[in-house]
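Keep in mind that the numbers below use all heavy atoms, side chains included, and drop hydrogens, waters and symmetry copies. Just so you know, ligand 1 is whichever comes first in the structure, and atom 1 is the first atom listed for that ligand.
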Amino acid sequence: MYLPLFILSLLVSLYPASAGDFCVADLNLPDGPAGYSCKSPAKVTADDFVYHGLAAAGNTSNLIKAAVTPAFSAQFPGVNGLGISIARLDIAVGGVIPMHTHPGGSEILVVIQGQICAGFVSSANSVYIKTLNRGDVMVFPQGLLHFQINSGKSPAIAFVSFSDPSPGLQITDFALFANSLPTEIVTTTTFLDKATVKKLKGVLGGTN
Ligand SMILES: *[C@@H]1O[C@H](CO)[C@@H](O)[C@H](O)[C@H]1NC(C)=O
């Protein structure tokens with residue numbers, strides 16, 4: 001009757017508990033669909049589970065007047081393998097996090113300061129929009145197009161958590177207008193006129 005317990009305690013003493021507890025990213029090796037390879041547990045320290053990069057505001061002196069500061073596995077190795085990550089949003093007055101998706105995870109946002117108008121569009125093209133104030137939380141289902149706009153009169157701050165250590169970020173306008181995708185292809189696939197496509201490519205740094 002006590003034999004299984006004995007075997008269990010033998011196994012526990014042979015294999016350190018930490019071996020299966022976490023998989024701190026070894027950033028010297030490439031990222032893959034299953035995340036980074038694990039750093040040797042013997043080399044893991046408390047610092048691997050702490051990230052200071054979200055303490056400071058991101059630089060919002062840019063086109064969108066906003067900054068996304070990620071603490072994904074590439075920045076914060078401790079979240080690798082844990083199915084979670086976090087980021088900070090700073091949105092200046094008049095700023096916007098443009099329509100975008102995170103292919104790899106759902107997002108949950110909490111407003112820390114200011115007012116944010118946020119929304120997403122479902123696969124059925126239904127629209128869900130809400131104005132959020134300090135302390136309000138909104139969730140954005142995985143893969144769906146969504147946005148955040150500073151709808152207040154002061155800088156807005158939010159923290160967003162993801163259900164993946166590396167959820168990805170694809171901004172729709174950048175995908176369409178900030179690269180070498182030929183103007184003809186963009187006009188054909190979006191139904192926008194050529195002048196508009198050329199103008200947006202100019203603003204966002206695209207070519208062709
Ligand atoms: C913010 O970004 C702008 C534009 O790139 C740059 O000119 C400015 O020096 C940056 N400010 C800080 C505090 O880094």
Participant: Residue by residue, ordered by chain and number, which ones reach under 4.0 Å of ligand 1 with a heavy atom?
Facilitator: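 Lining ligand 1 at under 4.0 Å, by heavy atoms, one finds Asn59, Ser61.
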Participant: With sequence neighbours left out, which residue pairs that include part of residues 193-208 fulfil the salt bridge (Lys or Arg N to Asp or Glu O under 4.0 Å) condition?
Facilitator: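 Every pair satisfying salt bridge (Lys or Arg N to Asp or Glu O under 4.0 Å) with a residue in residues 193-208: there are none.
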Participant: Look at the side chain of Arg88 and the backbone N and O of Ile157, then say whether any donor-acceptor pair between them is shorter than 3.5 Å.
Facilitator: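 No.
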Participant: Apply the side chain to side chain contact (heavy atoms under 4.5 Å, CB included) test between Ile116 and each candidate in Ile97, Thr131, Ile91, Ile149; give the one that qualifies.
Facilitator: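 Considering Ile97, Thr131, Ile91, Ile149, a side chain to side chain contact (heavy atoms under 4.5 Å, CB included) with Ile116 is found only for Ile91.
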Participant: With ring pair (Phe, Tyr, Trp, His ring centres under 6.0 Å) as the rule and sequence neighbours excluded, what pairs involving residues 148-172 come up?
Facilitator: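 The answer is Phe72-Phe162, His102-Phe162.
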Participant: Under 3.5 Å, side-chain donor or acceptor atoms of residues 169-177 against the rest of the protein: list the pairs with distances, not counting sequence neighbours.
Facilitator:
from	atom 1	to	atom 2	distance (Å)
Thr172	OG1	Met99	O	3.2

Participant: Give the ring-plane orientation class for Phe120 versus Tyr128, where under 30° counts as parallel, over 60° as perpendicular and anything between as tilted.
Facilitator: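 Rings of Phe120 and Tyr128: parallel, under 30°.
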